[in-house]
Amino acid sequence: MSDAAKNQLKKSLGLSFNIAVLIGGTIGVGILRTPGTIAEMLDNYWLIIASWLFGGFYVLLGANSYSELATMLPKAGGSYNYIKRALGEYAGFLSGWFDYIVNAIPPAFYCIVISEYTIILFPELANYSTVISVSLLAAFVLLHLSGVKNGSVIQQITSFLKVICFVALVIACFIYSGVEVPKIKTDNSIFQIGLIFGFFKSLQLIIGTYNGWNSVCFFAEENENPGKNIPKSLYSGVLLVIVIYVLVNAAFFHVLPIETLAKSSLAAADVAKILFGENGAKIVTVISIFSLISILNAFMMIPPRILYGLSRDGFFIRKGTTVNKGGTPIVALLVSSLFSLFLICIGSFEVLFSFAAFISIIVWGLAYFSLLKLRTKEPDLPRPYHSFWYPWSTIIAIIASIALLIGFIYSDPKSFVIIVGITLISYPLFLVLTKKK
């Protein structure tokens with residue numbers, strides 16, 4: 001058997017995994033933390049809810065375009081395949097590595113945060129934070145080395161438990177009636193510069209919290225029926241996440257007034273303390289750990305798929321395409337895990353993590369533009385799914401991406417400078433790799 005045939009990914013994933021990886025890869029601790037920060041910046045109930053809905057609508061437009069792209073080119077690695085096909089090798093190379101960086105940072109971050117939450121529950125483990133983080137990473141590497149099926153089962157179980165936890169928290173909030181819900185004050189300062197700045201900073205946090213909505217596309221090559229499963233899972237998964245996010249915000253505001261939430265660094269813990277007394281913080285800690293295990297599992301699977309795709313196209317070492325008997329891209333998994341181990345040991349990846357939403361907007365925007373380009377460039381390419389209300393839905397998604405990008409540059413110029421720096425370094429590197437090819 002040839003190496004190419006031997007190193008094919010297995011078609012072993014279905015609709016339930018798709019929905020589980022979308023929910024698992026999106027809903028994390030962000031939704032438990034960000035409501036307080038956003039309340040402080042916007043200080044208006046309707047503006048806060050509108051911001052979450054705007055973020056959700058933007059992601060839904062994205063799901064519409066990605067449904068066509070991922071079913072048209074069902075290849076491992078997601079976005080970069082479409083960008084490379086439409087805009088050329090360098091655009092594919094840059095977006096692929098951008099996407100890889102964004103998705104390879106979270107595993108280290110989540111291992112560290114899970115260890116911190118474990119120490120909250122078991123204070124006697126306080127001196128073993130790094131040991132817990134590294135052990136957790138090692139356990140998940142072993143799980144995924146054993147095969148895609150095991151990773152898929154864990155994803156479905158943890159995502160289901162996560163949704164149950166969030167639904168229970170929302171119900172508990174709405175049942176609670178100990179505090180009178182404050183009257184919503186109208187705010188005439190919406191168009192002040194400070195609030196516009198706060199709005200874009202909030203949207204950056206919100207887009208970061210929605211990040212992971214297109215997780216399904218990274219596994220398109222392993223899907224049993226991508227033409228049907230990908231659009232179904234993208235729409236149903238994204239709608240479920242939007243509903244959960246809006247309900248969690250409304251539920252938190254039902255228990256605590258905006259002024260109180262605005263001072264909270266972990267909004268969910270303050271809400272849970274009122275609902276469940278001193279044990280409230282422990283309950284939120286347990287929900288957080290469930291959320292994080294589910295999201296960690298998803299992000300242990302995503303970066304190796306991007307690296308596998310990059311390797312296959314000559315943008316990384318040829319060995320990166322090695323697939324084991326269980327269907328796991330084994331070298332790509334080990335390389336990504338070593339990167340995570342490095343980040344855990346140095347523990348200073350906050351700067352990288354802060355511009356994840358920034359890079360994501362650039363990659364998504366390029367993918368939407370690729371859809372327009374491929375419709376004119378390759379009209380005869382088989383398209384099992386056609387984007388709804390094309391081209392207007394895609395054009396709106398591109399305009400929204402550009403507007404968000406300008407807003408992010410305005411509110412976070414440091415991240416923009418880092419991204420420009422990476423782009424400048426990337427071109428000579430691209431030339432070296434293409435010469436080798």
Side-chain angles (χ1 to χ4, degrees), residues 22-64 162-163 165-167 169-171 173-174 181-182 184-187 190 195-215 234-262 264-271 284 287-288 291 295 356-358 360-361 364 396-397 400-401 403-405 407-408 411-412:
L22 192 153
I23 291 165
T26 307
I27 302 174
V29 174
I31 187 59
L32 300 175
R33 280 183 179 274
T34 52
T37 316
I38 291 166
E40 190 174 17
M41 287 192 275
L42 298 181
D43 193 31
N44 180 295
Y45 178 87
W46 293 116
L47 192 56
I48 292 164
I49 297 296
S51 299
W52 283 97
L53 285 170
F54 177 84
F57 177 67
Y58 171 70
V59 165
L60 204 54
L61 281 175
N64 183 43
K162 182 194 289 198
V163 171
C165 286
F166 273 96
V167 169
L169 182 62
V170 166
I171 291 168
C173 287
F174 283 122
V181 182
I184 296 148
K185 297 170 192 165
T186 51
D187 189 349
I190 286 175
L195 203 63
I196 292 170
F197 179 86
F199 180 66
F200 278 110
K201 274 309 256 184
S202 298
L203 277 180
Q204 197 170 355
L205 285 173
I206 287 166
I207 297 295
T209 311
Y210 275 112
N211 218 342
W213 63 268
N214 62 338
S215 306
L234 274 170
Y235 283 116
S236 56
V238 166
L239 284 169
L240 187 59
V241 171
I242 294 169
V243 168
I244 289 171
Y245 282 179
V246 172
L247 282 177
V248 165
N249 274 275
F252 285 3
F253 292 129
H254 182 75
V255 176
L256 282 174
I258 289 178
E259 300 76 40
T260 312
L261 265 181
S264 171
S265 58
L266 184 53
D270 291 342
V271 168
V284 167
I287 293 174
S288 299
S291 291
I295 207 166
F358 219 131
S360 296
I361 289 290
W364 299 342
I396 292 166
S401 301
L404 284 168
L405 188 61
F408 291 177
S411 64
D412 189 2

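For this chain, numbers begin at 1 and follow the sequence in order.
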Looking only at non-hydrogen atoms, find the nearest pair between Ala250 and Tyr45 and report the distance. CB-OH, 3.9 Å
Quick check: closest heavy atoms across Leu261 and Ala267, and the distance to 0.1 Å? CD2-CB, 3.5 Å
With a 4.5 Å limit on heavy-atom distance, are the side chains of Cys173 and Phe253 in contact? no
Going from CG on Leu22 to CD1 on Ile27, what distance comes out if it is rounded to the nearest 0.5 angstrom? 8.5 Å
Would a 4.5 Å heavy-atom cut-off, applied to side chains only, mark Val284 and Ser288 as touching? yes
Indicate the atoms forming the closest heavy-atom contact of Ala397 with Tyr58, along with that distance. O-CE1, 3.7 Å
Any side-chain heavy atom of Phe174 within less than 4.5 Å of one from Val255? no
What is the minimum heavy-atom distance between Phe166 and Ser291, and which atoms define it? CE1-OG, 3.3 Å
Expected list for residues 30-42: side-chain donor-acceptor pairs under 3.5 angstrom, two or more places apart:
from	atom 1	to	atom 2	distance (Å)
Arg33	NH2	Tyr117	OH	3.4
Thr34	OG1	Gly30	O	2.7

First locate atom CG of Leu203, then atom CZ of Phe408, and finally report the distance between them rounded to the nearest 0.5 Å. 6.0 Å
Quiz: residues 240-249 side-chain donor-acceptor pairs under 3.5 angstrom, not counting sequence neighbours:
from	atom 1	to	atom 2	distance (Å)
Tyr245	OH	Thr26	O	3.3
Tyr245	OH	Thr209	O	2.8
Asn249	OD1	Trp52	NE1	3.3
Asn249	ND2	Tyr245	O	2.9

Minimum heavy-atom distance Ile206-Ser51, with the two atoms named: CD1-CB, 3.5 Å
Rounded at 0.5 Å granularity, tell me how far OG in Ser360 sits from CG in Leu404. 11.5 Å
Given side chains that start at C-beta, do those of Lys201 and Asp412 come closer than 4.5 Å, heavy atoms only? yes
Tell me, do Phe252 and Leu256 make a side-chain contact under 4.5 Å, heavy atoms counted? no
Between Tyr210 and Val59, which heavy-atom pair has the shortest distance, and what is it? CB-CG2, 3.8 Å
In Å, rounded to the nearest 0.5 Å, how long is the span from CG of Leu234 to CG of Asn214? 7.5 Å
Is there side-chain contact between Ile207 and Trp364, with at least one heavy-atom pair below 4.5 Å? yes
